> 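This structure is in structure tokens; I'll ask about it shortly.
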Amino acid sequence: MDYQTVIEKIYGKLQGLWGQGKVADYIPALAKVNPRQFGISLATLDGQYYRAGDAETCFSIQSISKVFSLAMVTRHIGDEIWQSVGREPSGNPFNSLVQLEYEHGKPRNPFINAGALVVTDRLISLYPHPKDAILEFVRGLCNNDDIYYDKEIARSERANADRNMALAYLMKSFGNIRNDVDTLIDVYCHQCAISMSCVDLSRAFLFLCNRGLNPFSGEQVLTGSQAKRLGALMLTCGFYDESGDFAFRAGVPGKSGVGGGIAAYIPGNLSITVWSPELNRHGNSLIGMEALECFTTDIGNSIF
Ligand code: GLN
């Protein structure tokens, strides 16, 4: 398969969509990003790498980090996390509060903000230095020690975190948050502000593609069964109230972030990350969604 030609063709074709989406502006530092950027990076399990466009430019991974935090918590407490977080699509926007009240403070899934906050809360209980531990974990996954937090984005989100604070306090009132809310929001805003490129992310998701085994270090990060479950959650919940549509169009597990990145993979085969900052109305990268649909269609391969 000539992946380089495939991704270059997609890169050329989709630039025509610039201007149709809108950069996230509820986090002021994200609004400053140049919208006209588009990168694609592909890593195969047999060690081939391909890239197009702005694949090496670092961006804010935002909710893609929710996969990393869930992996960190799952490897320590396993199924226990499912007592506090559900595993069903929410059908609601990522930052919605309404369902939480009806469902007694138990978030629908770990990829909406409420669920990710519970996961990060457990992570804080497990690690004495959670912010260092998250960076170390992500660096190990992509085999790159040059991964850092974008402090300006972390500060900007922290200063505009009223809704996430509301989610955390509501859940705390139901007994589903154990740590101090300020500490929780600080760690959460940092994990969302990790700065990575498409190249880094496509490498970091190879362990999921590889049944939980990190191909760089040889470490079994998750069991095969845990990796399967994480992928299933990405497929069903990775794009909030657009998860069904992404599965329908691209047919692979993926996770988006409001920085405009989407990490996706085909189990046993390859990991692909696309990034373009303009979002559609569900908060997912408009060009990124299109790119992944084109990719799986062009190569004639998906999980279905
Ligand atoms: N940091 C963002 C928030 O909490 C993450 C949301 C996202 O990427 N969908 O609002």
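Order of listing sets the numbers, starting from 1, for every ligand and every atom in it. FYI, side chains are in, hydrogens and waters are out, and symmetry mates aren't considered; it's all heavy atoms of this structure. This is a predicted model, so every value here is computed, not measured.
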> I need the atoms of ligand 1 closer than 4.0 Å to a non-hydrogen atom of Cys192, numbered in the order shown.
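Contacts of ligand 1 toward Cys192, numbered from 1: 1 (N).
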> Which residue holds the protein heavy atom closest to atom 2 (C) of ligand 1, what is that atom called, and what is the gap in Å?
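For this ligand atom, the closest protein heavy atom is Gln62 OE1, 3.1 Å.
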> Applying a heavy-atom cut-off of 4.0 Å, say which part of Asn164 lies close to ligand 1: side chain, backbone, both or neither.
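Asn164 to ligand 1: side-chain contact only, backbone stays beyond 4.0 Å.
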> Please list, in number order, the atoms of ligand 1 under 4.0 Å from a heavy atom of Tyr240.
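So the answer, numbered in order with elements, is 7 (C), 9 (N).
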> Is the cationic atom of Arg158 (NZ for Lys, CZ for Arg) positioned less than 6.0 Å from the six-membered ring centroid of Tyr188 and within 45 degrees of its normal?
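Ring-cation test returns no.
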> Quick one: are the ring centres of Phe239 and Phe94 less than 6.0 Å apart?
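Ring centres of Phe94 and Phe239 not closer than 6.0 Å.
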> How would you list, by chain and number, every residue that makes a salt bridge (Lys or Arg N to Asp or Glu O under 4.0 Å) with Arg75, sequence neighbours excluded?
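Per chain and number, Arg75 pairs via salt bridge (Lys or Arg N to Asp or Glu O under 4.0 Å) with Glu219.
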> Ignoring angles and geometry beyond distance, decide whether Ser256 reaches within less than 3.5 Å of ligand 1 through its nitrogen or oxygen atoms.
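Checking ligand 1 against Ser256, no N or O pair falls under 3.5 Å apart.
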> Where does Arg163 meet ligand 1, judged by heavy-atom distances below 4.0 Å: at the side chain, the backbone, both, or neither?
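Answer for Arg163: neither.
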> Is it true that Asp186 and Lys131 make a salt bridge, defined as a side-chain N closer than 4.0 Å to a carboxylate O?
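A salt bridge is present here (some side-chain N lies under 4.0 Å from a carboxylate O).
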> Suppose I only count heavy atoms of Asn113 and a 4.0 Å limit; which atoms of ligand 1 are within that range?
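Going through ligand 1 atom by atom, the ones under 4.0 Å from Asn113 are 3 (C), 4 (O), 6 (C), 10 (O).
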> Look at atom 7 (C) of ligand 1 and say which protein heavy atom is nearest, naming residue and atom and giving the distance to 0.1 Å.
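Minimum-distance protein heavy atom for atom 7 (C) of ligand 1 reads Ser63 OG, 2.5 Å.
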> Any nitrogen or oxygen of Tyr26 lying under 3.5 Å from a nitrogen or oxygen in ligand 1? Just yes or no.
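Among all N and O atoms of Tyr26, at least one is under 3.5 Å from an N or O of ligand 1.
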> Is any side-chain N of the basic residue among Arg122 and Glu80 closer than 4.0 Å to the acidic one's carboxylate O?
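The answer is no: the pair does not qualify as a salt bridge.
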> Report yes if the distance between the aromatic ring centroids of Tyr240 and His282 is under 6.0 Å, otherwise no.
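Not under 6.0 Å, so no.
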> Suppose we measure from atom 4 (O) of ligand 1 to each protein heavy atom; which comes out shortest, and what is that distance?
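Atom 4 (O) of ligand 1 sits closest to the protein heavy atom Tyr188 OH, 2.7 Å.
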> Distance only, no hydrogens: is a donor on one side chain within 3.5 Å (strictly under) of an acceptor on the other, for Asn284 and Glu242?
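Checked: Asn284/Glu242 side chains pair up, N/O donor to acceptor below 3.5 Å.
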> Is any NZ, NE, NH1 or NH2 atom of the basic residue among Glu290 and Arg249 found under 4.0 Å from an Asp or Glu carboxylate oxygen of the other?
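Between Arg249 and Glu290 there is a salt bridge, with a charged N closer than 4.0 Å to a carboxylate O.
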> What atoms in ligand 1 come closer than 4.0 Å to a heavy atom of Gly257?
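Atoms satisfying the 4.0 Å criterion: 8 (O).
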> Distance under 4.0 Å to a non-hydrogen atom of Glu157: what atoms of ligand 1 satisfy this?
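Answer, ordered by atom number: 1 (N), 2 (C), 3 (C), 4 (O), 10 (O).
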> Could you see which bit of Val258 sits under 4.0 Å from ligand 1, with heavy atoms only: side chain, backbone, both or neither?
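Answer for Val258: both.
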> With distance as the sole test, does Asn214 use its side chain to make a donor-acceptor pair with the main-chain N or O of Phe207 at under 3.5 Å?
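No: the side chain of Asn214 does not pair with the backbone of Phe207.
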